[in-house]
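Remember, it's 1-based here, ligands and their atoms both numbered in the order they're listed. Reckoned from all heavy atoms, side chains included, excluding hydrogens, waters and symmetry mates.
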Amino acid sequence: MSSSLLRPLDGSHRQMFIGGAWVDALSGEVFETRNPATGELLATVPAGSAADVDRAVKAARKALEGPWSRFKPAARQALLLKVAELFEQRWEEIALSDTLDMGMPITRSRANRHRALGTLRFYAGMATALHGETISDSLPVGEHFAFTRKEPVGVVGAIIPWNGPTASTIWKIGPALATGCAVVLKPSEEAPLTPLLLAEIMAEAGVPEGVVNVVTGTGQAAGAPLAEHPDVDKVVFTGSTATGQSILRASAGNLKRVSLELGGKSPVILCADADLERAVPVAAMAVFGNSGQICIAGSRLFVAREIHDEFVGRLAKFAEGLRVGRGIDPETEIGPLISRRQMERVLGYLDKGRAEGARLEAGGGRLSEGGLAAGNFIQPTVFAGVADEMTIAREEIFGPVISAMPFDDLEEVVARANATPYGLAAGIFTRDLSTAHRLAARIKAGSVWVNTYHAIDPALPFGGYKMSGFGREGGVDHLYEYLNTKSVVIRLD
Ligand code: NAD
């Protein structure tokens, strides 16, 4: 096995990982991955296609029918703990890879360590805790012993976006290792390097060949054939709602099980009694963290009219004080957007916001001074005077843009917060416990955070309502997504 590890990201070639071997695409084609902060070439990567997906699916199937099927839960638990141990030892390398390939500030990619390792160790704990049930015999004739078995669903096709390569990879592969499935992972073409690094560390930890495969390539050339493949039993997808819909259609051929973690347009509600000191940085970073490239971005900020002007003023000041720069600089709080295309898309939303009459309170443009010209940097932006019908209040921007809107009473804000096709997350800031409970119960979203945001615990289910998708990641529910339930009835007499 050749190693892709520890090679500098200097434009050299990286291979993909299929059946325990580092390989190129059968076509021999490659694509480039660049540093979004500088435009520098980091590496070339195989441009996988349907034929590569097919050999990865075959490798996964072979692994499932081979020694991997004989790994008992305790052995899978030990393996996950070993993976977590090696990830911990190599965390600096993993963090650096995310920072260089997708622009995440290094302080953030380092800080992700705690949650990532906690998630792996949570799955390790669950590996020996999943079991079937015995069922009392109610059949009318004879005596029976009935029980259920939990069995791995089989070959899992995992398709992930670019905005959190490490977290997405762990969320897809961890449950597979815990339950005994095999995975073909298709990273985003915008940030393929960390998943390759993680696959190699997993192999080093002892994950048998074929259990984890990584096929690099575009969505059309590699993602779509994976979603369609007749020997894939389940597809887990994180990405945009439009792609989620294509994947669901593609899965119909063999009726795959599907889980979808999609986009959002999440509301954050600032009640008049909120602790503003606490709420300003949390509400700001609920969007600006990761340069707004977070599915749960709390981009619709509903502020009680009594505190609206003061809150927006403080928020704008906070936004203007954020240090935007290359992710590799430890002082950086806001890194670049992933690509030129994404930057142009977000700039388009800024133009639309202005054209539709929103009032700019902070930011509003590209940043290219101070050595940032070659990167994809946008100022943290706050719009006020936003109406619910405006494009910036309706569409997922996936950039550092907050739309602030006043509200007058709780009934009104619940209706407006829910008036979106999405339902991924919501934030509520209040000192009143009853208001917190009432609002939390009425907001249609998979996660509701009160006086905090982005508090994702490995043991808590995370996922969407409505067009933010279905299925849960995190918590026990996540593991059940990777299992089939079989009922066995034995006649005893
Ligand atoms: P995307 O949907 O364009 O791409 C996601 C992945 O799907 C990539 O690997 C891509 O190559 C692949 N893909 C594209 N077309 C495909 C097709 N037809 N068939 C199969 N695969 C295909 O999304 P993106 O731009 O990479 O990521 C941003 C989106 O992801 C945002 O909408 C964001 O909200 C969402 N997201 C959601 C979550 C969540 O947990 N809900 C987390 C992160 C990102």
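Contact atoms of ligand 1 toward K186: 8 (C), 9 (O), 10 (C), 11 (O) (distance under 4.0 Å to a heavy atom of the residue). Within the listing of ligand 1, atoms 19 (N), 20 (C), 21 (N) sit less than 4.0 angstrom from a heavy atom of G223. Near E189, meaning under 4.0 Å from one of its heavy atoms, ligand 1 places the atoms 10 (C), 11 (O). Close approach to Q220 involves these atoms of ligand 1, each under 4.0 Å from a residue heavy atom: 18 (N). Shown in contact with F462 at under 4.0 Å from a heavy atom are these atoms of ligand 1, numbered in order with element: 40 (O). Residue contact check: G263 has heavy atoms under 4.0 Å from atoms 32 (O), 34 (O) of ligand 1.
For atom 32 (O) of ligand 1, the nearest non-hydrogen atom of the protein is E396 OE1, 2.6 Å. The protein heavy-atom contact nearest to atom 12 (C) of ligand 1 is I159 CG2, 3.6 Å. In terms of protein heavy-atom proximity, atom 39 (C) of ligand 1 is nearest to C295 SG, 3.2 Å. Of all protein heavy atoms, the one lying nearest to atom 28 (C) of ligand 1 is F398 CE2, 3.5 Å. Of the protein's heavy atoms, S240 N, 3.4 Å lies nearest to atom 23 (O) of ligand 1. Regarding atom 44 (C) of ligand 1, its nearest protein heavy-atom neighbour is N163 ND2, 3.3 Å. Counting protein heavy atoms only, atom 24 (P) of ligand 1 is closest to W162 NE1, 3.5 Å. Given atom 8 (C) of ligand 1, the protein heavy atom at minimum distance is I160 O, 3.3 Å.
Residues S168 and T238 bring no donor and acceptor atom of their side chains to less than 3.5 Å of each other. There is a side-chain donor-acceptor pair under 3.5 Å between H13 and D24. Looking at S240 and T243, their side chains do bring a donor and an acceptor atom within 3.5 Å of each other. Side chains of N112 and T166: no donor on one and acceptor on the other come within 3.5 Å. Between K234 and S259, the side chains place a donor N or O and an acceptor N or O closer than 3.5 Å (distance only, hydrogens not considered). For N213 and R55, the side-chain atoms include no donor-acceptor pair closer than 3.5 Å.
Counted within 6.0 Å of CD on E209, heavy atoms from surrounding residues, nucleotides or ligands total 12 or fewer; the atom is thus considered open. More than 12 heavy atoms of other residues, nucleotides or ligands sit less than 6.0 Å from atom CZ of R354. K466 NZ: more than 12 foreign heavy atoms inside a 6.0 Å radius.
Neither the backbone nor the side chain of T241 comes within contact range of ligand 1; no heavy atom lies under 4.0 Å.
Taking 4.0 Å as the cut-off between side-chain N and carboxylate O, E88 and R121 count as a salt-bridged pair.
Proximity annotation for atom 30 (O) of ligand 1: of G219, G446, G239, P161, G239 comes nearest, heavy atoms only. Relative to atom 19 (N) of ligand 1, the option among A191, S266, A224 with the closest non-hydrogen atom is A224. Here the shortest heavy-atom distance to atom 42 (C) of ligand 1, taken over I397, I456, T238, belongs to T238.
With ring centers used as reference points, W162 lies under 6.0 Å from F398. No close placement of the H478 and F462 rings is indicated, their centers lying 6.0 Å or farther apart.
When distances from atom 21 (N) of ligand 1 to the protein are checked, a heavy atom turns up under 4.0 Å.
For P187, the heavy-atom gap to ligand 1 drops under 4.0 angstrom.
Each side-chain hydrogen bond (donor to acceptor under 3.5 Å, both in side chains) pair with one or both residues in residues 386-400, not counting sequence neighbours, appears once here: Y349-E395, E356-T391, D388-R416.
Considering both main-chain and side-chain atoms, T243 comes within under 3.5 Å of ligand 1 through a nitrogen or oxygen pair.
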